[in-house]
Structures are given as structure tokens and as C-alpha cells.
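All figures in this text were calculated on a predicted structure; none of them were measured in a lab.
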Amino acid sequence: MGNKSTMNASFLFFSAMFLVLVSCCSAADADHELRRLHHASAKADGSLSFLVIGDWGRRGNYNQSRVAHQMGIVGEKLDIDFVISTGDNFYDDGLTGVDDPAFEESFSKIYTAPSLQKQWYNVLGNHDYRGNVEAQLRPVLTGLDSRWLCMRSFIVDAEIVEFFFVDTAPFADKYFTDPEDHVYDWSGILPRNEYLSNILRNVDSALKESNAKWKIVVGHHGIRSAGIHGDTKELVSQLLPILEANNVDLYINGHDHCLQHITTPNSPIQFLTSGGGSKAWRGVVMPYDQSEIKLYHDGQGFMSVQITPSQVDIAFYDVFGNVLHKWGTSKDQLYSTAMYM
């Protein structure tokens, strides 16, 4: 009995020390350059292909399992290199801790297709901040499922393309001024103004230093959106000018539970929403210039991206695997094909 008590006490002590260390590291992350990861293409021509899914973690409900099935089919066809998640990984309130069964029930047991057994690059959404946000950042989850990688803001260098993942939830004022009955876990980002300033400075610096042929920025919240959440005004005023000044090609997000492709005459960036991983069909479309909306699908689905040194091709798929919309661009010319349900 004495030995067992001593072991339990030791376990609790080291667990507490590890939590302190993780919190300190998380708080310090924004003070330094963004963490840079490398993802070399496994294909002979150096091309990349990947899927994008967002707003998904509902234990297979709300057609999450159906979307996952179609992702597996498309992933095999395209021989994907990895998957990107645009956040809101676990509903309704993130994870309670690293031992939360939701991790396995909403992730490991859902995305089981062979083609999806690749690296997953995840960002945090506002619902993730309603739980124990540090749990999703802990490497212990990678130990449970080697595909999992989640950070606040980071870079993935894939040679011909660089991905800049941005933690967007802390930018939204309403989560601080009017959280309603929600409790957010802001550990690791306070003081907020300093945290946001560091993100903007680091993203700007990293984009300026990038020599990649293509630059793609990923965040949870939309910059341009005709969905129920609309444009995120804080990102429009603070992040968008940085992206435009640094020749970003695509901005990819979730948050609105739909699929969207928006272009605007005053910006060269393509605004792409892939937030149809599970619950959708809001039935709401905000007033928007129809000439700027190339796709708006109020339903479940996902997106694929194929990249070569000279070409980018995207496609949106619905819950049945039907192609809803295609678009592509090269550095020399632009072409677009759209198919609507």
C-alpha cells in the first residue's frame, strides 16, 4: 500500500511538472519564430496532393463518417501526402484532457481508410478553446495516434509550397467581450495583445523570407465568407493586409459549416472554406456579391488540393463524393471550371 501511494504521488508530481512545462512553452511559442516542419514529397516529380477537412469531431454523427468514407476514396485516387484540418476538431467543447475518449471516437475510429493513414496537420478552432486546449497540443496524443499533429501557429515547408498555419480564435473580440455561457481556455495566449502582435509579426516575417513557389495560409476563421459567421473583421483588418503584401496564393479556413470559394476584385488571394466535416445545412447565406462567390455549398463535404511547381488545382466534394466545383491556376495563366448541384 505504501509503495502504491508513493508511486501515485510521484506520478501526480511529474504530471503536474509536465503541465507547467507545456504551459510555459506554449506561452513562449508566440515570442519566437514560428516552428518550422518539413514535409518532403514522396512523389518523383515533387508534386503534392492533400485533403482539407474542418469542423468535424462529432463521434461519427451528422454524416461525419460518410464524409470520412468519401475522403478515403478520393485520398486513394489522388495518392495524398497528408490531410489538413481547419479546426473545431472536437465538439462541442474540445477535449477534457489527453485521456478524453472523444479523441479516439471522433478521430482514430472515424478516419480509418488506408489513404488517410498519413500525417494530419491541425489548427485549433473556437470550439477547441472551450475545452482543455493544451490537451490537443500535447505530444501524448501523437503517441496514441501517430498521425496527429496540432500546434497553435506553425509552418510546414513542403519544398514547392509553404503552409503557414495561424491560430485565429484569439483574434475574435467576441470570445472575450461576449462569451455568452461558454468558458474559454486562454492559457498560453495572455496577455492577448502581445500574443496577437507576435503572431502577426512572425507570420509577416516568415512570408517575407519564403522562397516557395506557392504560399498557402491556413486558419480556422474565414477572412471572406458568405456563411452565417460572415467575414472575420479582425482578420480583415489585421491579417489580410499582411497576406496580400506577401503574395499569398490561397487562404483556407473552416468555421462556417459549408464549402466555399470566394474571389474579390481587390485581392489576388483565393478564399476557400472547408468546414463541412460533419454538422451542416445551416440554411443561411449572408448577403454577398454573387459575382465573387464561385461556390457556396450549404452542406457536408471536403476539399482536395493538387500542387506542382507550376500548377495548383482544387476540387470540392459533397458527402456522396460528387465533385461540386473545380478551379485551378498556374503562375502564367488562370483557368476555372465550376459545376454546381
Side-chain angles (χ1 to χ4, degrees), residues 29 34-57 64 67-90 95 98 102-104 106-125 128 135-167 206 210 212-220 250 252-254 272 274-275 277 302-308 312-315 317:
D29 282 349
L34 300 179
R35 293 186 184 181
R36 179 178 293 271
L37 308 173
H38 293 272
H39 194 120
S41 172
K43 300 181 176 71
D45 61 357
S47 65
L48 285 169
S49 58
F50 59 93
L51 303 182
V52 184
I53 187 73
D55 304 83
W56 43 268
Q64 183 192 0
V67 173
H69 176 69
Q70 295 300 331
M71 287 175 64
I73 295 173
V74 174
E76 182 176 359
K77 184 181 301 183
L78 300 183
D79 187 22
I80 62 168
D81 295 276
F82 51 85
V83 179
I84 286 176
S85 167
T86 57
D88 277 1
N89 306 316
F90 302 99
L95 295 178
V98 295
F103 179 74
E104 186 176 74
S106 292
F107 178 60
S108 298
K109 289 185 175 180
I110 302 299
Y111 302 102
T112 57
S115 67
L116 303 182
Q117 307 309 302
K118 304 290 178 68
Q119 182 70 65
W120 281 56
Y121 295 110
N122 305 273
V123 293
L124 298 166
D128 299 312
Q136 293 196 46
L137 308 176
R138 295 272 296 275
V140 66
L141 291 189
T142 306
L144 297 175
D145 192 319
S146 61
R147 296 176 292 172
W148 183 263
L149 190 150
C150 184
M151 299 183 189
R152 296 185 193 269
S153 297
F154 60 103
I155 299 170
V156 174
D157 181 351
E159 299 176 355
I160 60 174
V161 55
E162 282 190 340
F163 299 86
F164 303 82
F165 293 80
V166 180
D167 185 19
S210 174
K213 182 76 172 181
W214 304 96
K215 300 177 184 179
I216 299 176
V217 176
V218 180
H220 178 64
L250 311 177
I252 301 176
N253 62 274
L272 309 169
S274 184
F302 59 99
M303 184 176 79
S304 71
V305 182
Q306 297 174 274
I307 302 180
T308 71
V312 167
D313 290 286
I314 66 170
Y317 306 81

Inset, instruction - Ignoring hydrogens and angles, tell me if any N or O in the side chain of Ser304 forms a donor-acceptor pair with the backbone of Leu51 under 3.5 Å. - result: no
Inset, instruction - Indicate yes or no: at least one non-hydrogen side-chain atom of Val161 is less than 4.5 angstrom from one of Lys213. - result: no
Inset, instruction - Kindly check if the number of other-residue, nucleotide or ligand heavy atoms within 6.0 Å of NZ (Lys109) is above 12? - result: no
Legend entry - Donor-acceptor pair, side chain of Asp128 and main chain of Gly125, under 3.5 angstrom: yes
Inset, instruction - Taking the side chain as every heavy atom from C-beta outward, state whether Leu141 and Val98 have any pair of such atoms under 4.5 Å apart. - result: yes
Inset, instruction - Find out whether Met71 and Val83 are in side-chain contact, i.e. whether some heavy atom of one side chain is under 4.5 Å from a heavy atom of the other. - result: yes
Legend entry - Partners meeting side-chain hydrogen bond (donor to acceptor under 3.5 Å, both in side chains) with Glu162 (sequence neighbours left out): Arg36, Ser210
Inset, instruction - Report the distance from atom SG of Cys150 to atom CG of Leu95, rounding to the nearest 0.5 Å. - result: 9.5 Å
Inset, instruction - Nearest 0.5 Å please: distance from the OG1 atom of Thr86 over to the CG atom of Asn122. - result: 9.5 Å
Legend entry - Where Asp81 and Ser47 come nearest, the two heavy atoms and their spacing: OD2-O, 4.2 Å
Inset, instruction - Report the residue from Ile216, Val123, Leu34 that forms a side chain to side chain contact (heavy atoms under 4.5 Å, CB included) with Phe165. - result: Val123
Legend entry - Glu104 side chain near Leu144 side chain, heavy-atom distance below 4.5 Å: no
Inset, instruction - Could you list the residues that satisfy side-chain hydrogen bond (donor to acceptor under 3.5 Å, both in side chains) with Asn253, not counting sequence neighbours? - result: Thr273
Inset, instruction - Taking all heavy atoms of Thr308 and all of Trp214, pick out the closest pair and write down the distance. - result: O-NE1, 3.0 Å
Inset, instruction - Output yes when a side-chain donor or acceptor of Lys118 lies under 3.5 Å from a complementary backbone atom of Ile80, and no otherwise. - result: yes
Legend entry - Any donor-acceptor pair under 3.5 Å from Ser274 side chain to Val52 backbone: yes
Legend entry - Test item: Phe163 and Ile84 side chains (from C-beta on) under 4.5 Å apart, heavy atoms: yes
Inset, instruction - Report, as yes or no, whether the 6.0 Å neighbourhood of atom NZ on Lys77 holds more than 12 heavy atoms from other residues, nucleotides or ligands. - result: no
Legend entry - Option from Gln64, His69, Arg147 for which side chain to side chain donor-acceptor pair (under 3.5 Å) with Tyr111 holds: Gln64
Inset, instruction - State plainly whether the residues Asp45 and Lys43 are in salt-bridge range, i.e. N to O under 4.0 Å. - result: no
Legend entry - Modelled atom types, side-chain donor and acceptor of Ser106 and Trp56, under 3.5 Å: no
Legend entry - His39: ring pair (Phe, Tyr, Trp, His ring centres under 6.0 Å) partners, not counting sequence neighbours: Phe82, Tyr121
Inset, instruction - Taking Gln306 for its side chain and Ser49 for its backbone only, find out whether a donor-acceptor pair lies under 3.5 Å. - result: no
Legend entry - Verdict with reasoning, Phe164 to Val218, per side chain to side chain contact (heavy atoms under 4.5 Å, CB included): CA-CA 6 Å; Phe164 303 82; Val218 180; over 6 Å; no
Legend entry - Nearest atoms (heavy-atom pairs only) where Gly72 meets Ala113: CA-CB, 3.5 Å
Inset, instruction - Find out whether Asp167 and Phe154 are in side-chain contact, i.e. whether some heavy atom of one side chain is under 4.5 Å from a heavy atom of the other. - result: no
Legend entry - Taking every non-hydrogen atom, the tightest pair across Leu124 and His220: O-CB, 3.5 Å
Legend entry - Close side-chain approach of Val67 and Phe302, heavy atoms under 4.5 Å: yes
Legend entry - Atom of Phe90, atom of Ala102 and distance for their closest heavy-atom approach: CE2-O, 3.6 Å
Legend entry - Closest approach of Gln119 to Trp148 (non-hydrogen atoms, all atoms of both residues): NE2-C, 4.0 Å
Inset, instruction - Mind running side chain to side chain contact (heavy atoms under 4.5 Å, CB included) on Leu250 and Lys215 for me, showing each step along the way? - result: CA-CA 7 Å; Leu250 311 177; Lys215 300 177 184 179; over 6 Å; no
Inset, instruction - Test Leu37 against every option in Asp157, Ile155, Leu149 by the side chain to side chain contact (heavy atoms under 4.5 Å, CB included) rule and name the one that passes. - result: Leu149
